[in-house]
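Model, not experiment: these values are computed from the prediction.
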Amino acid sequence: MILYNITVIIDEGIEQEWLNWINSVHIPEVMTKGQFVSHRLLKVLESPNEGITYCIQYIAESKAMYDQYRLEFENVLLNKLQTQFENKLVSFKTIMEFTD
């Protein structure tokens, strides 16, 4: 199992707008691509960063499923996120493998 994590640091003034968009547009669009079996949205309570930090996590059953998403869809969907909130957020991704 692979965990695809996108950490997003947003300006405080756009939190509600970002939450609405991420829940109604971005996450549903990612999930319709078929590579992930589940997702979750987490708010980081203690962050060293300025702004508000969230993590969007998606679970893929295999590295091959994540790789398919990455090759076919990732750039387009992450660009939509950056375009929608231009200069109001920064993001980075982490890919992790479950050990058990």
Check ion pair Glu74-Lys33 (N to O, under 4.0 angstrom): no
Taking all atoms of both residues into account, what is the closest heavy-atom pair of [X] and [Y], and its distance?
{"X": "Val37", "Y": "Met31", "answer": "C-CE, 4.1 Å"}
{"X": "Met65", "Y": "Gly34", "answer": "CE-O, 3.6 Å"}
{"X": "Arg40", "Y": "Leu3", "answer": "NH2-CD1, 3.8 Å"}
{"X": "Ser47", "Y": "Thr53", "answer": "OG-OG1, 3.2 Å"}
{"X": "Met1", "Y": "Ile59", "answer": "CE-CG2, 3.3 Å"}

Gap separating the [atom1] atom of [X] from the [atom2] atom of [Y], nearest 0.5 angstrom:
{"X": "Asn20", "Y": "Glu15", "atom1": "CG", "atom2": "CD", "answer": "10.5 Å"}
{"X": "Lys43", "Y": "Cys55", "atom1": "NZ", "atom2": "SG", "answer": "12.5 Å"}
{"X": "Ile14", "Y": "Leu89", "atom1": "CD1", "atom2": "CG", "answer": "5.5 Å"}

Member of Ile27, Asn23, Asn5, Thr7 meeting the side-chain contact (heavy atoms from CB on, under 4.5 Å) criterion with Ile56: Ile27
Residues Gln84, Trp21; criterion side chain to side chain contact (heavy atoms under 4.5 Å, CB included); working and verdict: CA-CA 9 Å; Gln84 182 72 24; Trp21 186 84; 3.6 Å; yes
Find out whether [X] and [Y] are in side-chain contact, i.e. whether some heavy atom of one side chain is under 4.5 Å from a heavy atom of the other.
{"X": "Gln35", "Y": "Phe73", "value": "yes"}
{"X": "Ile2", "Y": "Ile95", "value": "yes"}
{"X": "Val30", "Y": "Phe36", "value": "yes"}
{"X": "Phe85", "Y": "Val8", "value": "no"}

Residues, nucleotides or ligands: over 12 heavy atoms within 6.0 Å of Lys88 NZ: no
Glu46 side chain vs Val44 backbone, donor-acceptor pair below 3.5 Å: no
Leu19 with Val25, same ILVMFWY side-chain cluster at under 4.5 Å: yes
Connected via hydrophobic side-chain network under 4.5 Å: Leu41 and Ile10: yes
Residue pair Tyr54, Trp18: steps toward the side chain to side chain contact (heavy atoms under 4.5 Å, CB included) verdict: CA-CA 10 Å; Tyr54 282 90; Trp18 183 84; 3.6 Å; yes
Per-pair distances, 0.1 Å, donor-acceptor, side chain in residues 75-83, under 3.5 Å, sequence neighbours excluded:
from, atom 1, to, atom 2, distance (Å)
Asn79, ND2, Asn75, O, 3.1
Lys80, NZ, Glu29, OE1, 3.4
Lys80, NZ, Glu29, OE2, 2.7
Gln82, NE2, Ser91, OG, 3.0
Thr83, OG1, Asn79, O, 2.8

